[in-house]
Amino acid sequence: MRIARDLPTLRAEAARLGPLALVPTMGALHAGHLALVAAARREAAAMGGAVAASIFVNPLQFGPQEDLARYPRDEAGDLAALEAAGCDLAWLPGVEAMYPPGHGTAIEVAGPSEGWEGAARPGHFRGVATVCAKLFLQTGARVALFGEKDWQQLQVVRRMARDLDLPVRIIGYPTVREADGLAMSSRNRFLSGEERAKASALHAALQGVAQALAAGVPATAALAEMRSGLAAQGFAVDYLALVEPETLRETAALPGRLIAAARLGTVRLLDNIAAG
Ligand SMILES: Nc1ncnc2c1ncn2[C@@H]1O[C@H](COP(=O)(O)OP(=O)(O)OP(=O)(O)O)[C@@H](O)[C@H]1O
Ligand SMILES: CC(C)(CO)[C@@H](O)C(=O)[O-]
Ligand code: BAL
C-alpha cells in the first residue's frame with residue numbers, strides 16, 4: 001500500500017494506479033469502514049482500477065463546542081488495517097495540506113442538509129460537502145463509497161455530486177452492526193460498560209417503529225411511543241423521525257427512512273433504517 005501525505009505524491013500515485021474507488025474516512029477504523037474498503041475492492045476490480053482510502057479528521061465539520069480534540073486517532077493501526085483489507089493507496093493530508101492559509105471556499109448543499117444533523121450541528125454539512133468535493137478532486141476518484149449509517153450525509157454528498165456534475169459515482173453501503181444491533185461507530189469506544197449494554201436499544205426501537213408502521217400504526221403515535229421508551233431507558237433523544245429517503249423531509253407516508261440521534265452520557269449515537 002502506498003501512502004501519500006501531500007498532493008503531488010497523491011496525484012502521481014493516482015495516475016499510476018488507474019481509476020480509483022475511494023473510501024473517505026476520519027480514521028479510527030472499525031469493521032464498518034473495512035466493509036466499505038472490501039466493497040471498494042469489488043468496484044475497483046470491475047473497472048480495472050484500485051482502492052484508495054483517505055484519513056482526515058476534518059476540522060471544518062466540527063462546531064466549536066464539539067469533540068474535534070477528543071476524536072479518536074490511531075494512524076498506525078488504521079494503516080495496518082487498510083493494508084490488510086487490500087487498500088492500494090492511503091491519502092493522509094494534514095490540515096495545512098487540505099486548507100492552506102487563505103483557503104476561503106466552501107460548498108453549501110441546500111435541501112438534504114437542512115434539519116436533523118444539519119440543525120444539531122450548524123455548519124457540519126458545509127464542512128462535509130467541502131472536504132468531500134476536495135477529496136474527489138484531489139484523488140480523481142471515479143467511485144466513492146459512503147456508509148448508510150450516516151444516512152443524511154450520504155444524501156448530501158449525492159446531491160452535491162449531482163448538482164456540481166462531479167464525475168464520481170456515489171455508492172451507499174448498508175450499516176455494519178455489532179451482534180446486538182448497535183451500529184458500529186468510532187465513537188462507541190467512549191460508551192461506559194453500562195451505556196454499551198443499553199445502546200442497542202436504539203436500533204431495537206427503530207425496528208419496533210418500522211414494524212408498527214407496517215402494521216398500520218400512524219407515524220406520530222409510533223414515534224411518540226419510541227421516544228418515551230428510549231427516554232425511560234436513559235437516552236436523551238435529539239430527534240427521531242420518518243423522512244423521505246432522499247430529501248430528508250419529514251413525511252407520514254411509506255416507504256420512508258426512520259432516522260434517529262440520541263445521546264447516552266456524552267456519546268451521541270446515530271442510526272437509521274428503511275420503513276415500508
Ligand atoms: N457501521 C458502519 N457501517 C457502514 N459504514 C459505516 C459505519 N460507520 C461508519 N461508516 C462509514 O464510514 C465512513 C467514514 O465514517 P467515519 O470515519 O466518520 O466513521 P464513524 O465510525 O461513523 O465515526 P463517527 O464516530 O464519527 O460517527 C462514512 O461513510 C461512514 O458512513
Ligand atoms: C465523509 C467524511 C470522511 C468527511 O469528512 C466524514 O464525514 C465521515 O467520516 O463520515
Ligand atoms: N460520521 C460523520 C462524521 C462526524 O461525525 O463528523
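Start at 1 and go down the list; that is how both ligands and their atoms are numbered.
The closest side-chain heavy-atom distance from Met26 to Arg73 is not below 4.5 Å.
Of the protein's heavy atoms, Lys149 NZ, 2.4 Å lies nearest to atom 22 (O) of ligand 1. Nearest protein heavy-atom neighbour of atom 19 (O) of ligand 1: His33 NE2, 2.8 Å. When only non-hydrogen protein atoms are considered, atom 3 (N) of ligand 1 lies nearest to Val176 N, 2.8 Å. Closest to atom 18 (O) of ligand 1, if we only count protein heavy atoms, is Tyr71 OH, 3.8 Å. Nearest to atom 31 (O) of ligand 1 among the protein's heavy atoms is Asp150 OD2, 2.7 Å.
Atoms of ligand 3 lying under 4.0 Å from at least one heavy atom of Arg187, given by number and element, are 4 (C), 5 (O), 6 (O). Of all the atoms in ligand 3, the ones that sit under 4.0 Å from a non-hydrogen atom of Asp150 are 1 (N), 2 (C). Counting the atoms of ligand 2 from 1 in the order shown, those under 4.0 Å from a heavy atom of Pro24 are 3 (C). Short contacts between ligand 3 and Met26, defined as distances under 4.0 Å to a heavy atom of the residue, involve ligand atoms 3 (C), 4 (C), 6 (O). Interface of Phe146 with ligand 2, defined as ligand atoms under 4.0 Å from a residue heavy atom, comprises 1 (C).
Contacts of Leu36 with ligand 1, taken as heavy-atom pairs under 4.0 Å, involve the side chain alone. At a 4.0 Å heavy-atom cut-off, ligand 1 touches Pro174 through the backbone alone. Residue-level proximity to ligand 2 for Thr25 is carried by the backbone, the only part with a heavy atom below 4.0 angstrom. Contact annotation for Arg268 and ligand 3: no heavy atom of the residue comes within less than 4.0 Å of the ligand. The parts of Arg187 lying near ligand 1 are both backbone and side chain, judged by heavy-atom distances below 4.0 Å. Only the side chain of His30 comes within 4.0 Å of ligand 1, judged by heavy-atom distances. Contact annotation: for Pro24 versus ligand 1, heavy atoms closer than 4.0 Å belong to the backbone alone.
In terms of N/O distances under 3.5 Å, ligand 1 is not approached by Phe146. For ligand 1, the polar-atom distance check against Glu148 finds no nitrogen or oxygen pair separated by under 3.5 Å. Considering both main-chain and side-chain atoms, Met26 comes within under 3.5 Å of ligand 1 through a nitrogen or oxygen pair. The distance criterion of under 3.5 Å between nitrogen or oxygen atoms is met by Gln61 with respect to ligand 2. Residue Gly147 has at least one nitrogen or oxygen atom sitting less than 3.5 Å from a nitrogen or oxygen atom of ligand 1, judged on distance alone. Residue-to-ligand polar distances keep Gln153 apart from ligand 3: every N/O pair is separated by 3.5 Å or more. Ligand 1 has no nitrogen or oxygen under 3.5 angstrom from a nitrogen or oxygen of Thr25. For Ser186, a nitrogen or oxygen atom sits less than 3.5 Å from a nitrogen or oxygen atom of ligand 1, counting backbone and side chain alike.
Classified by interplanar angle (parallel below 30°, tilted 30° to 60°, perpendicular above 60°), the ring pair Phe136/Phe146 is perpendicular.
When the heavy atoms of Arg121, Glu66, Glu117 are ranked by distance to atom 4 (C) of ligand 3, first place goes to Arg121.
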